[in-house]
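Lettering follows sequence order; numbering is per chain, from 1. Side chains are part of it too, since the values below use all heavy atoms of this structure and drop only hydrogens, waters and symmetry mates.
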There are 4 protein chains.
Amino acid sequence: MMHLDPNHPKPIYEQIILNIKKEVLQGILLPGEKLPSVRTLAKDLSINPNTISKAYKELENQEVIISVKGKGSFVRNIEPENTRSVQDEKKLKQQLREWLVEAHYLQVPLKTIYQWIDEEAQENLHGN
Amino acid sequence: MMHLDPNHPKPIYEQIILNIKKEVLQGILLPGEKLPSVRTLAKDLSINPNTISKAYKELENQEVIISVKGKGSFVRNIEPENTRSVQDEKKLKQQLREWLVEAHYLQVPLKTIYQWIDEEAQENLHGN
Amino acid sequence: MMHLDPNHPKPIYEQIILNIKKEVLQGILLPGEKLPSVRTLAKDLSINPNTISKAYKELENQEVIISVKGKGSFVRNIEPENTRSVQDEKKLKQQLREWLVEAHYLQVPLKTIYQWIDEEAQENLHGN
Amino acid sequence: MMHLDPNHPKPIYEQIILNIKKEVLQGILLPGEKLPSVRTLAKDLSINPNTISKAYKELENQEVIISVKGKGSFVRNIEPENTRSVQDEKKLKQQLREWLVEAHYLQVPLKTIYQWIDEEAQENLHGN
DNA sequence: GTGGTCTAGACCACT
DNA sequence: GTGGTCTAGACCACC
């Protein structure tokens, strides 16, 4: 079950997006699988359906899922040719750069950073 | 000279904070050195002095600089005893976790991530 | 109701911060409880919303409350792990030192000081 | 020799006031003793004479010293009948109250507070 | 409705 | 001239 923190600084719909992406990565949600409907997920998480709707729309924009009128929303394949755009990469790198300034400022050693990444990578990718 | 993008998702005052932190890390701004005054920096960047003020105040909260009424704002020493708190570390790790989900989703290989970090580390820490 | 004195040497936004901290300590505001919105509190106290906003932001920095866009501001739990840092303690002690010089100069006996502290402690901590 | 910290949030003239009061309390400066002249003290501390002047004027207002034209400034007796006014006491108590809110919030135990006071009292009063 | 950011312009305290 | 506070009013993102 998805974990949401209403007191998180990140808006709820972004938390949902992140969670679903994570489940796809981890193979909990498989390509072609049907996602819960907007209304049922909203009920399960006891939040506003509009918020779920916004998350699903954004996931469709990012080509993670596909919504079919009258049928539901489904996980898309991660197509290898859907390789990241130059823009995506630039954005990611920029975000990393900003994070590193903070980390360096707080004197986190490089070794620790590598360790954190390895821990997380194992969880997300387990075998990919 | 500092580069600001008013259309960036990050608010201007945070861009300023990041820029100054980076300059401190890189040794462009040295401990004790005087920062440009609120008003002159505002004029140089053609933004409102209050925005600069907000950035400087936050930098003072984070103990990066110190502002003295009537005198100006100055870079503080990075005291080794000012080690990061448990909460700081938790926050950093959480941010990293979210970034990694994105990166994995876009299929950035671990190797590339390490490379990006090394590049940036060299720029920020040059030998530390 | 909160009491504010515009002619106080302490800025208004700091008076608000102190008041809210006190109410949290005294259990008037409970963890998770919603604070009045920036706008309504501003109207109630007949001051500018930006001033409230400044106070709330600082309270969020100090991890007393948490503000969520579109939802409101809420009292956080005081986590026992969020122990004070060395710097916090240093700052507190320095402030106390300066206060004591004044008190000694005005010949307040130690006994009276202890009495004042006990009175206040009872109000703030009521049994903790 | 007096210790001044130009990077302290407290204005320099207040630091001077506090220092002189402390020296009077500790018996380093005795009643009737001549203080250094504005100009020589300014030179010794390498700060602006106006700042010293402001401090001395305030000390005269608070009846700690007395300035005689053409002769210099001198430490006054702490006269027992110069007992603190009701106003002074109210102000002191108010300041203490605010400090205690912070201390309680940061979970400093009462015992620790007493300890801090005792340490400081010994330094300031040594035998009074 | 909520909080967050930014501008414009004012006044104050300190050096 | 310096930073700090406050007001007034605007626009944005989120729920």
Checklist entry - Can you list the residues that meet the side chain to side chain contact (heavy atoms under 4.5 Å, CB included) rule with Asn48(B), with sequence neighbours excluded? => result Asn50(B), Thr51(B)

Checklist entry - Below 4.0 angstrom, N of the basic side chain to O of the carboxylate: do Arg76(A) and Glu60(A) qualify? => result no

Checklist outcome for this item: From CD1 of Ile52(C) across to P of dT5(E) the rounded distance in Å is 17 Å

Checklist outcome for this item: Here the distance between atom C1' of dG4(E) and atom CG of Leu59(C), to the nearest Å, is 16 Å

Next on the checklist: Tell me every residue that passes side chain to side chain contact (heavy atoms under 4.5 Å, CB included) with Ala103(C), counting only those two or more places apart in sequence or in another chain.
Outcome noted: Trp99(C), Val108(C), Ile113(C), Leu92(D)

Checklist outcome for this item: Glu58(D) CD to dA13(E) C1', in whole Å, measures 14 Å

Checklist outcome for this item: Reading nucleotides 7-15 of chain F from 5' to 3' and marking B where a protein heavy atom lies under 4.0 Å of the base, S where only the sugar-phosphate is that close, and - otherwise, the string is BBB---BBS

Item to check | Residues forming a side-chain hydrogen bond (donor to acceptor under 3.5 Å, both in side chains) with Glu102(D), sequence neighbours excluded | outcome: Lys21(C)

Checklist outcome for this item: side-chain hydrogen bond (donor to acceptor under 3.5 Å, both in side chains) filter on Asp88(B), not counting sequence neighbours, yields Ser85(B)

Checklist entry - What's the CD-P distance between Gln15(D) and dA13(E), to the nearest Å? => result 19 Å

Next on the checklist: Under 3.5 Å for both pairing distances: what stems, at least three Watson-Crick or G-U pairs long, include DNA chain E?
Outcome noted: E:1-14 with F:1-14

Checklist entry - In a check of side chain to side chain contact (heavy atoms under 4.5 Å, CB included) between Leu29(B) and each of Val75(B), Val64(B), Ile65(B), which one passes? => result Val75(B)

Checklist entry - Does Ser37(C) have a side-chain nitrogen or oxygen under 4.0 Å from the phosphate oxygens OP1 or OP2 of dT2(E)? => result yes

Next on the checklist: Under the rule for side chain to side chain contact (heavy atoms under 4.5 Å, CB included), what residues qualify as partners of Ile28(D), not counting sequence neighbours?
Outcome noted: Glu23(D), Gln26(D)

Next on the checklist: Less than 4.0 angstrom between a side-chain N/O of Ser53(B) and OP1 or OP2 of dG3(F), yes or no?
Outcome noted: no

Next on the checklist: So, using side-chain hydrogen bond (donor to acceptor under 3.5 Å, both in side chains) as the criterion, who are the partners of Glu33(C) when residues are at least two apart?
Outcome noted: none

Item to check | Distance in angstrom units between Asn61(C) CG and dG3(E) C1', rounded | outcome: 14 Å

Checklist outcome for this item: Contacts of Lys57(B) meeting side chain to side chain contact (heavy atoms under 4.5 Å, CB included) (sequence neighbours excluded), chain-then-number -> Tyr13(C)

Checklist entry - How many Å lie between NE2 on His8(B) and P on dT5(E), as a whole number? => result 13 Å

Next on the checklist: If I take atom NZ in residue Lys57(C) and atom C1' in nucleotide dT2(E), what distance separates them, rounded to the nearest angstrom?
Outcome noted: 16 Å

Checklist entry - dT5(E) C1' sits how many Å from Leu45(B) CG, rounded? => result 16 Å

